Amino acid sequence: MIGTVLVTGGAGYIGSHACAALMEAGYQVVVLDNLCNSSLVSLERVGEICATSPIFVQGDVRDRDCLDKIFHAHTITAVLHFAGLKAVGESVDFPLEYYDNNVVSSLVLLAAMQQAGVTNIVFSSSATVYGDPPSVPIREDFGLCPTSPYGRSKLMVEDILADWHVANPNWSVCRLRYFNPVGAHPSGLIGEDPQGFPNNLMPFVAQVAVGEREKLFVFGDDYATADGTGVRDYIHVMDLVEGHVVALEYICRQPGLHTINLGTGNGVSVLDMVKAFEHASGQSVPYEIVKRRPGDIAACWADPRLAETLLQWTASRSLAEMCEDAWRWQQGNPRGYA
Ligand code: NAD
Ligand code: UDP
């Protein structure tokens, strides 16, 4: 299915990499982003990578007029819906902002798509919908019990999409549950650019390695894991966005409601990540063990077999590649896009 894809949140970390992957696969791309957590420079860089930039519309997904204008001006065949707020801790302090942005935007988007006759949507969900799983690896049929407003906003949208699909069985709806996206485009031109203090491990480690921060705080070394630190399923952002391209092609052939984990199936501890990053960068990453971060779970990794079966997709890039690519981005852009 080659055509024009609307990418909401396309100037952000995952969205900008998705734009590059879509354009390299031959799609035309229209980005809608309000730039609340991103910079337009990311899309200029996508233009350098792909020789042509995506069409950019600055606006909010909750703005129905803006969406209607986009659907009127372009023949959109599918939507990748990345736009949203994503900081777990912030969502505890500002739950209304999270429900408003993440849930309302999805409602407005679905209504606009319906009016425009666009029936293919891929939604960015998250492994956070599983909460603290009873066992690992996590399969898509595990119980869902998110522990933060952010996670609940993702689950609400998943439920809305399921109800919507019951009422509109001709639609193709894909709910992709990402594990921990890290790394950067191999060009080093685009990557993760957290505003202020990074919440996530990999950007924090990268900022320590490049000398922007003194040391990493490791949140707990008394978990029931091999080295006591938290274990996650880190997936290279390029693998993740390639997963979106194949998911898009799959759902366009296969109307239905699809729910798929995107992960590697490998668990990596905080200290494994520190070692891998030190190796990739040749820099030391000093760290201090501090107390556990409230709400954190010990271990979480995907059972990625459904993606393999349905999409013939598996994550192929190693932890070393994730660190090398993140390091190239970090070295070339020590202050991000600023
Ligand atoms: P990001 O913040 O880098 O990108 C999100 C983009 O959406 C930003 O460019 C922001 O400006 C834009 N945006 C936010 N609200 C908007 C609105 N109402 N209208 C228009 N634009 C809006 O985040 P990301 O890491 O690229 O994440 C993309 C999606 O993937 C999010 O929905 C996030 O919840 C989900 N996700 C991310 C991770 C992760 O670890 N990065 C993990 C699981 C799921
Ligand atoms: N972590 C850490 N120090 C940090 C950030 C994260 O020790 O500064 C740990 C965290 O406790 C977890 C892992 O790194 O075990 C991944 O955390 P991240 O916030 O990146 O992802 P999430 O917890 O949302 O899966």
Side-chain angles (χ1 to χ4, degrees), residues 7-18 31-40 42-43 57-63 66-67 80-89 91 97-98 100-106 108-109 123-129 147-148 150-151 153-154 157 176-182 190-195 197-205 207-208 213 215-221 223 225 228-235 237 240-241 244 262-263 267-274 287-301:
V7 180
T8 76
Y13 170 44
I14 304 171
S16 56
H17 290 78
V31 168
L32 172 61
D33 200 303
N34 64 7
L35 303 180
C36 71
N37 195 38
S38 54
S39 158
L40 200 46
S42 66
L43 295 180
V57 177
Q58 183 165 354
D60 196 294
V61 184
R62 291 164 292 184
D63 179 348
C66 178
L67 282 173
L80 296 191
H81 182 31
F82 293 103
L85 303 178
K86 63 164 182 177
V88 173
S91 79
E97 278 83 343
Y98 272 70
D100 183 40
N101 201 333
N102 295 358
V103 181
V104 175
S105 66
S106 304
V108 176
L109 176 62
F123 171 62
S124 300
S125 189
S126 165
T128 189
V129 296
T147 55
S148 68
Y150 166 69
S153 76
K154 289 288 170 190
V157 177
L176 294 179
R177 294 183 181 150
Y178 313 159
F179 281 69
N180 290 57
V182 296
I190 54 174
E192 189 169 10
D193 180 20
Q195 311 295 305
F197 203 79
N199 297 304
N200 297 112
L201 179 64
M202 171 74 101
F204 206 107
V205 169
Q207 290 189 7
V208 174
R213 296 188 189 275
K215 62 183 166 189
L216 170 73
F217 298 100
V218 176
F219 299 142
D221 67 349
Y223 286 104
T225 59
T229 65
V231 169
R232 297 290 184 274
D233 184 340
Y234 298 96
I235 173 170
V237 66
L240 185 82
V241 298
H244 284 67
L262 292 183
V268 170
S269 76
V270 176
L271 297 184
D272 291 336
M273 177 63 90
V274 168
Y287 64 85
E288 179 186 336
I289 308 286
V290 296
K291 64 180 177 14
R292 292 180 178 192
R293 183 170 64 178
D296 267 359
I297 59 175
C300 165
W301 66 87

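Each ligand, and each atom within it, is numbered from 1 in the order the structure gives. Scope of the values below: all heavy atoms of this structure, side chains included, with no hydrogens, waters or symmetry mates. Because the structure is predicted, anything quoted here is derived from the model rather than measured.
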query: Of the backbone atoms (N, CA, C, O) and the side-chain heavy atoms from C-beta on, which set of L216 has a member under 4.0 Å from an atom of ligand 2: side chain, backbone, both, or neither?
result: side chain
- prompt: Which of the atoms in ligand 2, numbered in the order shown and given with their element, are less than 4.0 Å from a heavy-atom of N180?
  reply: 21 (O), 22 (P), 25 (O)
field: Element-labelled atoms of ligand 2 that are located less than 4.0 Å from some non-hydrogen atom of V218
entry: 7 (O)
message: List ligand 2 atoms under 4.0 Å from F217, heavy atoms only on the residue side.
response: 2 (C), 3 (N), 4 (C), 7 (O), 8 (O)
query: Should the proximity of N200 to ligand 2, defined as any heavy atom under 4.0 Å, be assigned to the side chain, the backbone, both, or neither?
result: both
- prompt: Which atoms of ligand 2 sit under 4.0 Å from any heavy atom of G230?
  reply: 15 (O)
query: Where's the contact between Y234 and ligand 2, heavy-atom distance under 4.0 Å: side chain, backbone, both or neither?
result: side chain
- prompt: Heavy-atom distance to atom 12 (C) of ligand 2: which of R232, Q207, R292, R213 wins?
  reply: R232
message: For Y287, state whether at least one heavy atom is located under 4.0 Å from any atom of ligand 2.
response: no
message: Please report whether ligand 2 has a polar contact with F219, defined as an N or O pair separated by less than 3.5 Å (distance criterion only).
response: yes
task: Examine the proximity of ligand 2 to V270 and report which part, side chain or backbone, both or neither, has a heavy atom under 4.0 Å away.
output: side chain
- prompt: Should the ring pair F217 and F204 be called parallel, tilted or perpendicular, given that the plane angle runs from 0 to 90° and is split at 30 and 60?
  reply: perpendicular
statement: Hits for salt bridge (Lys or Arg N to Asp or Glu O under 4.0 Å) against D63, two or more places apart or cross-chain, chain-then-number order -> none
